[in-house]
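To start, the structure under review is shown below, and the notes come after it.
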Amino acid sequence: MDGETRFVNWFRDAAPYIQAHRGRTFVIYFSGEAVADTNFSQTIHDFAVLNSLGIRLVLVHGMRPQIKQRLEAAGLESSYHKGIRVTDSASLQCVKEAAGTIRVEIEALLSMGLSNSPLTGIRTRVCTGNFITAKPLGVRDGIDFCHTGEIRRIDCQSIGEKLDHNNIIVVSPIGNSPTGEVFNLSAESLSVRIAVELVADKLIFLTEEAMPLGQPDKPIRQLTTIEAKGIFCRDHGFDEITQRHLELAVEACEAEVGRVHLINRASDGAIFEELFSRDGVGTLVSSTPFEVMRTATLQDLAGILDLITPLEKQGVLVKRGREVLETEIGRFTVIDRDGLIIGCAALYPFNTDQAGELGCIAIHDEYAGAARGTSLLEYVEKSARSLALNQMFVLTTQATHWFRERGFELAGIDSLPTEKQGLYNFSRNSKVLCKKV
Ligand SMILES: CC(C)(COP(=O)(O)OP(=O)(O)OC[C@H]1O[C@@H](n2cnc3c(N)ncnc32)[C@H](O)[C@@H]1OP(=O)(O)O)[C@@H](O)C(=O)NCCC(=O)NCCS
């Protein structure tokens, strides 16, 4: 595929996502390491592009290295207990300086209108504010955390109003108390809480860590919250931060945040690949499965046609018109991958013979070879059993071995239900295969 065709295909594939994300609220967390990176201006420009596409953005930044640097310069020690910084009065000064500097830097980058940047002609509004009310973490295990705090309230109304006016909201991990004190907060926890309270459509963790690996050493692309919890119970070998991000992702999803994405920020443009392509490059956590197998409805008609029409043209599948498909739609099972129909199969019962015909089984080219066809077949076999059928048969010209490897046996036309024998197309000369279910 040449570059031009690739671009056209990419643009067509991305279009539904551009449409779907418009007007949605995304909360994005990125670490202090991301801020310190020489590529940070690119990261910020990418956020501005998202904002220009109508996405409502709340940015929450970390600042650990920036605080550490200031503490070192002042000859002060970083003190942690159970991974949480103890912020004494001297450290608090470093926290305030780091937060102020980062905010100013982000505002400046979002205000750039350079002709050679992706922000050409885009006027980006930025808004910061006293959105976060905090309280002290207090004394734990005998340790006084001083100015380390926890979130008490988030002024979602104010954030919402600013988002309505197309502002990008920048939130530093500090909060104020009604007594006028300042508290240092965990940026990750803050991003979760903001996402939960805003009922955000997405929470995105731009991570420093490589994507979590599943078995056998392949990146985990999607996880339901139940699957994630199952993984936590096993010896999964994730690093501490990835484990924490996944736990926070589960927490956010269980509190009604639509989807949480972990995206490694090291790869340039990863956020676009994750948000504007079906398969992405990060790890998506959601409470409902990303891919489901279910009975088809009329809404799936166009998707099934897109999938089977090329196979009908090649003669692999028997041609069915749209009208036929419409009347038979309830017989179809589909695999729905985030709105794209990537697999289908139909079951036609012949009740008097207690037999069922498996028809029109197909898997989208890009998703073939990953056992989806086998799962679909098993699903249809289960449906056949629930209809009290005891045999399934299939007529195929090009997948004889695929069915034989899955327990079907070659059979004669006379083994078909009588009604089906009368419909057998001799010019197509399909093989007949049967299986007890
Ligand atoms: C047949 C089909 C449904 C299999 O879907 P799938 O999700 O790729 O299947 P699975 O992943 O469960 O199985 C993959 C295995 O089947 C093999 N396979 C795929 N198509 C095959 C075929 N037509 N004949 C024999 N083997 C086949 C693959 O090579 C792979 O084997 P391997 O792992 O040893 O390499 C899919 O290839 C398809 O849509 N084909 C076109 C439509 C078709 O022929 N339908 C049957 C008409 S009734």
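Just so you know, ligand 1 is whichever comes first in the structure, and atom 1 is the first atom listed for that ligand. The figures here come from the full heavy-atom set of this structure, side chains too, leaving out hydrogens, waters and symmetry mates.
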Protein heavy atom under 4.0 angstrom of atom 32 (P) of ligand 1, is there one? no

Among S172, S31, S191, which one satisfies side-chain hydrogen bond (donor to acceptor under 3.5 Å, both in side chains) with H61? S172

Under a 4.0 Å N-O cut-off, is there an ion pair linking D164 with R56? yes

Closest to atom 15 (C) of ligand 1 among protein heavy atoms sits R406 NH2, 3.8 Å

Atom 7 (O) of ligand 1: nearest protein contact (heavy atom, Å): G373 N, 2.8 Å

Is there a polar contact between ligand 1 and G369, counting only N or O atoms under 3.5 Å apart? yes

To which protein heavy atom is atom 41 (C) of ligand 1 closest, and what is the distance rounded to 0.1 Å? L311 CD2, 3.9 Å

Is the ring pair F26/H21 parallel, tilted or perpendicular, if the boundaries are 30 and 60 degrees? perpendicular

Return the closest protein heavy atom for atom 12 (O) of ligand 1 as residue, atom name and distance. T374 OG1, 2.4 Å

Aromatic rings F276 and F272: how do their planes relate, parallel, tilted or perpendicular, breaks at 30° and 60°? tilted

For atom 19 (C) of ligand 1, what is the closest protein heavy atom, and at what distance to 0.1 Å? W402 CD1, 3.8 Å

Would you say Q299 and I329 make side-chain contact, with heavy atoms under 4.5 Å? no

Smallest heavy-atom separation, G356 atom then L389 atom, equals CA-CD1, 3.8 Å

Distance under 4.0 Å to a non-hydrogen atom of A370: what atoms of ligand 1 satisfy this? 11 (O)

Checking contacts here: is it the side chain or the backbone of C360 that comes within 4.0 Å of ligand 1, counting heavy atoms only? Could be both or neither. neither

Considering distance alone, does some N or O of Y367 sit under 3.5 Å from an N or O of ligand 1? no

Return the orientation label for the F332 and Y348 ring planes: parallel under 30°, perpendicular over 60°, tilted otherwise. perpendicular

Less than 4.0 Å between atom 4 (C) of ligand 1 and some protein heavy atom, yes or no? yes

Is the closest N or O pair between A368 and ligand 1 shorter than 3.5 Å? no

For ligand 1, is E357 a contact, meaning one of its heavy atoms is under 4.0 Å away? no

Electrostatic pair K435:E409 at N-O distance under 4.0 angstrom: no

Candidates I204, I263, T43 - the one meeting side-chain contact (heavy atoms from CB on, under 4.5 Å) with I28: I204

Angle class for the F205/Y29 ring planes (parallel below 30°, perpendicular above 60°, tilted otherwise)? perpendicular

Other residues, nucleotides, ligands: >12 heavy atoms within 6.0 Å of K420 NZ: yes

Please report which non-hydrogen protein atom sits nearest to atom 44 (O) of ligand 1, along with the residue it belongs to and the distance in Å to one decimal place. V316 CG1, 3.3 Å

In the protein, what heavy atom is nearest to atom 39 (O) of ligand 1, and what distance, to one decimal place, separates them? I363 N, 2.8 Å

In terms of side-chain geometry, is the basic nitrogen of E366 or R337 positioned less than 4.0 Å from the acidic oxygen of its partner? no

Looking only at protein heavy atoms, identify the closest one to atom 42 (C) of ligand 1 and say how far it is in Å. I361 O, 3.6 Å

Does the protein place a non-hydrogen atom closer than 4.0 angstrom to atom 35 (O) of ligand 1? no

Please say whether A362 places an N or O atom under 3.5 Å from an N or O atom belonging to ligand 1. no

For ligand 1, the portion of L317 having any non-hydrogen atom under 4.0 Å away: side chain

Which option out of H401, R404, Q398, K431 puts a heavy atom nearest to atom 22 (C) of ligand 1? Q398

